[in-house]
Structure formats: C-alpha cells, structure tokens
Amino acid sequence: MHSDRAPLSLKLAAGAGLLFLHLPILLIFVYAFTTEEKSFAWPPPGLTLKWFAVTWNRPDVWEALQLSVKVAAISTVIAMILGTLCAAAVSRTRFFGRETISLLVILPIALPGVVTGIALRSAFSLAEIPFSTWTIVLGHATFCVVIVYNNAVARFRRTSGSLIEASMDLGANMFQTLRYVILPNIGTALVVGGMLAFALSFDEVIVTTFTAGQQATLPIWMLEELVRPRERPVTNVVAMVVVLVTLLPILGAYYLTRGTDTVAGQGK
Amino acid sequence: MTAVRFDHVSRHFGDVKAVDGVDLDIAEGEFFAMLGPSGSGKTTCLRLIAGFERPTAGDIRIFGAPVADLPPYKRQVNTVFQDYALFPHLNVIDNVAYGLMIAGQPRRARHAAAEAALEMVRLGGYGRRKPSELSGGQRQRVALARALVNKPRVLLLDEPLGALDLKLREQMQEELKGLQRQLGITFVFVTHDQGEALSMADRVAVFNQGRIEQVGTPEDIYFRPDVPFVADFVGSSNVLPAEIVARLTGTACPAAIRPEHLRLAADGPLKARVTGLSFLGLTTRVSVEAEGNRFTALLPQEAPRPEPGDELALTWAPENLHLMARDA
C-alpha cells in the first residue's frame, strides 16, 4: 500500500538530515552576534550588535566586497553575451565540429576548479599578463559562460525554429524578430543563467586563488581572516551577508523557472 | 496575370538536388497544389516562394517582379506553417496582430483587424487565450488568420492539415476552399495527400525527385497521367509495362488504367491470377497478378466475386486505357 503520510521515523530522519545541513550555517549567524571575539565559545557569553558597526567601518571589508561585486557583475555580463551567442550557434545551425564545441564549452565546469585555476595561472604567466581584476574576471567567466550556455541552449532547443521564420514571414526583420520573438522566448532562461552565474562568481574561492594577485575578493578575504584571530565575529557578519546575497538570485532563479524547465548548472 | 513564376529554378544542398530545374506558372486567384512524396522538393519550392531559401540557379518572379534579393519580410506572401509556429509568449489576438504590429499599426486598429480575421476563421472571442490552450484545429485556424490578416497576395500553406484527424481535415478542406473563393487570394498548398490535392486544387503539380512530373487539373492528373509515376502516385492507377501494351495494342509505351476500369473475364489476352480480395462496401478490391505485374481492380457491388487463386483474364474498354507516350 502506498500511503500519502510518511511514517514518523522517515520524518525524523528527514528532519535530522536538514538540521545537519543547515545547523552549521545557523551557528555562523549566531556567532555574528557574540560578545566574545577570540574564540567561538558555546554558548555565546552575550549577544551584541556591535560587530555590524565594526564591520561597517572596516575598509578592507568594503574593498573585498566591492571587488567581488565588480568581478561577478563583469563576468556575468561577459557570460550572458558569449553564452547566448554560443548557444544560438550550437542549437540553430549545423557545422563541422558542433558537438565538439558544445563539449568544450561545458568542460570548464566538469574540470576541478584547481585544474582550471592552475591552467589559467600558467597561461597568464606564459603570456606575461599581470594579475589584476581582469585576470579574476577571465577565470570566473570560464565557468559563468557554461551556466548561461546551458540554460540558453535548453531553451533554444525547445523554441521551434519556425518561430523565427514565421516572424520574418510576417514582415519582421532580424532586429524586430530578435526583440519580439527570440528574446521573449529565451528571456527567463537568460536571466536565470545570469543570476546563477553571478552567485557562482560571488562565492568562488579556488579559481580566484590562482588568478588573483594581491587583491582579495570577499571569500578570499574571509579565508585570510580565519587565520588571523582579530575581531573574529566580523567574518561571521560578512558570511551572513554573503549567504543572503547569493541566496537571493538563486531563489529568484528558482521562482522564475518553476514549472518550466530544470535549471542547468545548479550543481557546481 | 501570373502570381508566381519559376524559370528553371534549382535549389541544391551540396550533392542533393532538392529542386532541380523547375518551371512553374501559378495564375492569380488560383488554388494550386504541390503534390509529391516526402523529399520530392515540394516544400523547398514553397520555401523558395516565401524567401526562406534562395535558388541555386534560375529566376523566381512574384507578380512579375524578380524576388531573388528580397528577404522574406519584404515579400507580399504569407505562410501557414506545418507546425503552425504560433508565438507561445503571445496570446491569440497578439499572434494574429503580429504582422500589423510590425507594420506599425496602432494597437486599437490592429486588434480590431485581428478580431475580424479570427471571426473569419470562426474563432471570434478566442483572442485572450494562449496558443497552448487551443486544440490542434484551433491553432491551425489561428495560424491561418495570422497569415490572412496581412492581406497577402499569395498565401502559402505547408501541409496545413497534416496534423489534424480525418474528420477535422475534411471540414478544414471545405473551409479553406471556401475562404479562397471568398478572398480571391492565390493559395499555394503543399501536400503529400493525393486526395486532398485533387479535391481542393484548381491545378496540381506532381513532384518527384526535385522535378515536376506533370501539371494539370485534378481530372488531367487523375485520368490522363503523363508518366507512370503520376499514374501510380495519384490514386494508384495500374501501370501496364510497355512490352505488354506493345503486344496488345501495337504501341510501345507504358499505359495507365484506373482500378475501377479493370474488369475480370473468363478468358482474354492478358491472363491473371487472383491473389487477394478485400470488401470495401460499395466496391470490392481485387488484387491480381499478371505476367509478374501486380494490378488492382475495383469491382462494383453487383459484379460476381472471384476467389483467391482463380485463373482469369484482365479486360477493359479500349478508351479507358491511357497511353503514356511521353515516357516512351
């Protein structure tokens, strides 16, 4: 017999699993309010909001946050342009090596970040490119392109090619067809791909470690902060912000594509 | 006036000659069918008229004007696509009004015109629905309204009834024919269904392997095929090979004879053996084999019915044997 109600044991197991997944994150939030700054003692000896003020006044936090937002924004824009064009080419036309290109585009997301990072680092030093914001952007773009590409290609495949012909048949030129038919049909896929790409770039550590010079993005800054026990709860405040900033676009992506298609590339 | 003229038009895809040296004249106001098996080039010809394909060689004119350099959006031609190609993100009224919107008509005027077009295809009041909420037959009507609202001079229809069930298809055939008469627009219609082509079209072009085998009225195509392919493809005439015709009539060319004109006799010059029978109601279809060829005869209800295995002879009235001299 198949019952609609789950047995109590299953509910408990599911609850335990969820707790195991999310309790550590909640702890991070709690320690953002602790009064004790050297070690994370449980239970926190007292609660305070002063770390928010401290964080607000730390210029290094602002620099890291600024860099992260900048890198994520530029990578996302690059990824949306390149990923969409690539998806359009792969799904709309047939040419020699099409499957290979499709595979090569997806490869960066399948490779471990360490490999991508090392490869990019040696490529940059071979080409004698100094490390800068732009090297980080390049590194991030490699996997952001994949996210946008995957989302766009799935949508392109479901969009019948005769829609474009129908639009042109009804008098629309290429630009009108792009504006009135193609973009409305792939729009949500692009927005979703862009949001996921932004979230991925924002909390990326491994590739960034290899492609950043002296600069620190927010996640890198947090790693450095962990070894330096000074005003520790500041890290927790920043962590909270990072969680919120990356969660919002992912939730948005989820709501936009609910019931339409799966969001490719959530797995990384 | 000639609506569409093909002058030695070819469209090759690499080694594949999809359309190969086609000459064609479609008169204004005509209901013209392009009939042929899949891969015979009929759809490519339609796409050449619409402008989705460019000819490899030859000249296409629409109302006398060469269209070689005209993209689809500059041709006074509209298409009803095989899969209807309705825009899924627009509701029905905006789908129908799309061409008018592109042409820059204000919203109120184009919606009024679109509603009128929807009423013409008996879908008045469906404007607010999304294409996904319509049945196949309704989508087909929307596609038709979306094309007609632009007042094209030629309407192209690519297997428009292919996805509909039999009953709906027969009903739509009537309606299309009626619309065409009412509007006086030239309809060019692609189909692989010979019944559809014969019942709807004023003239039919039969395509085979990128070429036109015969152009003519449905009666021409049906009763007076030029070549064995047409005889066989359109209404499955029996084709008598040239050597049998030469022995029986003295003329060495293949000949066609319609199944309903074949008679079974006890004795005659062409001996045949009955291989199968099927009862069709008004008639009985008899499969026979004669000198290694298979033939089909349709016997009227009152004719005596043979048994499978019977040794008989095939006869016909001489005027019903259509000689296909062109292929000799």
Side-chain angles (χ1 to χ4, degrees), chain A residues 80 84 87-89 91-99 148 151-194 252-253 255-263, chain B residues 13-14 43 46-47 49-53 70-91 94-105 110 114 117 130-132 139 142-152 154-160 163:
Chain A
M80 282 177 81
T84 312
S91 55
R92 277 275 165 268
T93 52
R94 321 228 149 261
F95 53 88
F96 178 74
R98 183 170 146 264
E99 296 300 320
V148 177
N151 277 287
V153 92
R155 189 63 64 89
F156 267 125
R157 291 222 169 105
R158 291 188 307 127
T159 308
S160 149
S162 59
L163 289 184
I164 292 165
E165 287 187 346
S167 168
M168 298 185 73
D169 187 74
L170 293 165
N173 60 30
M174 281 310 232
F175 293 107
Q176 289 168 321
T177 301
L178 182 73
R179 176 170 163 206
Y180 294 117
V181 174
I182 300 177
L183 283 183
N185 271 292
I186 65 164
T188 49
L190 286 191
V191 171
V192 166
Y255 278 107
L256 271 178
T257 52
R258 209 171 27 163
T260 55
D261 59 355
T262 53
V263 177
Chain B
F13 299 95
T43 298
L46 199 79
R47 294 172 58 82
I49 303 174
F52 302 132
E53 302 283 351
L70 282 187
Y73 52 87
K74 288 189 178 160
R75 300 188 183 200
Q76 288 176 306
V77 165
N78 285 113
T79 309
V80 176
F81 289 83
Q82 185 168 13
D83 62 358
Y84 314 142
L86 300 180
F87 304 123
H89 60 291
L90 299 178
N91 62 19
D94 283 326
N95 259 286
V96 177
Y98 185 85
L100 303 176
M101 181 213 34
I102 295 293
Q105 273 205 21
R110 67 176 191 254
K130 279 287 175 96
S132 56
R139 284 180 209 183
V142 174
L144 197 60
R146 186 178 67 174
L148 288 173
V149 78
N150 303 291
K151 302 201 175 6
V154 180
L155 182 74
L156 308 175
L157 303 109
D158 186 6
E159 303 257 2

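FYI, side chains are in, hydrogens and waters are out, and symmetry mates aren't considered; it's all heavy atoms of this structure. Within every chain, numbering begins at 1; the chains are lettered A, B, ... in the order of the sequence lines, protein sequences first and strands thereafter. Quick caveat: nothing in here was measured; it's all calculated off a predicted structure.
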Query raised in the report: Does any heavy atom of chain A fall under 4.5 Å from the side chain of B/Arg75, the backbone, both, or neither of them?
Result: neither
Query raised in the report: In terms of heavy-atom proximity below 4.5 Å to chain A, should B/Asn78 be classed as side chain, backbone, both, or neither?
Result: both
Requested in this report: Classify the angle between the aromatic ring planes of B/Phe81 and B/Phe52 as parallel (below 30°), tilted (30 to 60°) or perpendicular (above 60°).
Outcome: tilted
Query raised in the report: Tell me, do B/Gln76 and B/Val154 make a side-chain contact under 4.5 Å, heavy atoms counted?
Result: no
Requested in this report: Please flag which part of B/Leu86 lies under 4.5 Å from any non-hydrogen atom of chain A: side chain, backbone, both or neither.
Outcome: backbone
Query raised in the report: If you count heavy-atom pairs under 4.5 Å with chain A, which of B/Ala143, B/Ala147, B/Ala50, B/Pro72 comes out on top?
Result: B/Pro72
Query raised in the report: To the nearest 0.5 Å, how far apart are CG in A/Leu163 and CE in A/Met168?
Result: 13.5 Å
Query raised in the report: Tell me, do B/Tyr73 and A/Asp169 make a side-chain contact under 4.5 Å, heavy atoms counted?
Result: no
Query raised in the report: Looking at B/Gly51, B/Gly99, B/Ala103, B/Pro152, which has the largest count of heavy-atom pairs under 4.5 Å with chain A?
Result: B/Gly99
Query raised in the report: Within a radius of less than 6.0 Å around CZ of A/Arg98, do more than 12 heavy atoms belonging to other residues, nucleotides or ligands occur?
Result: yes
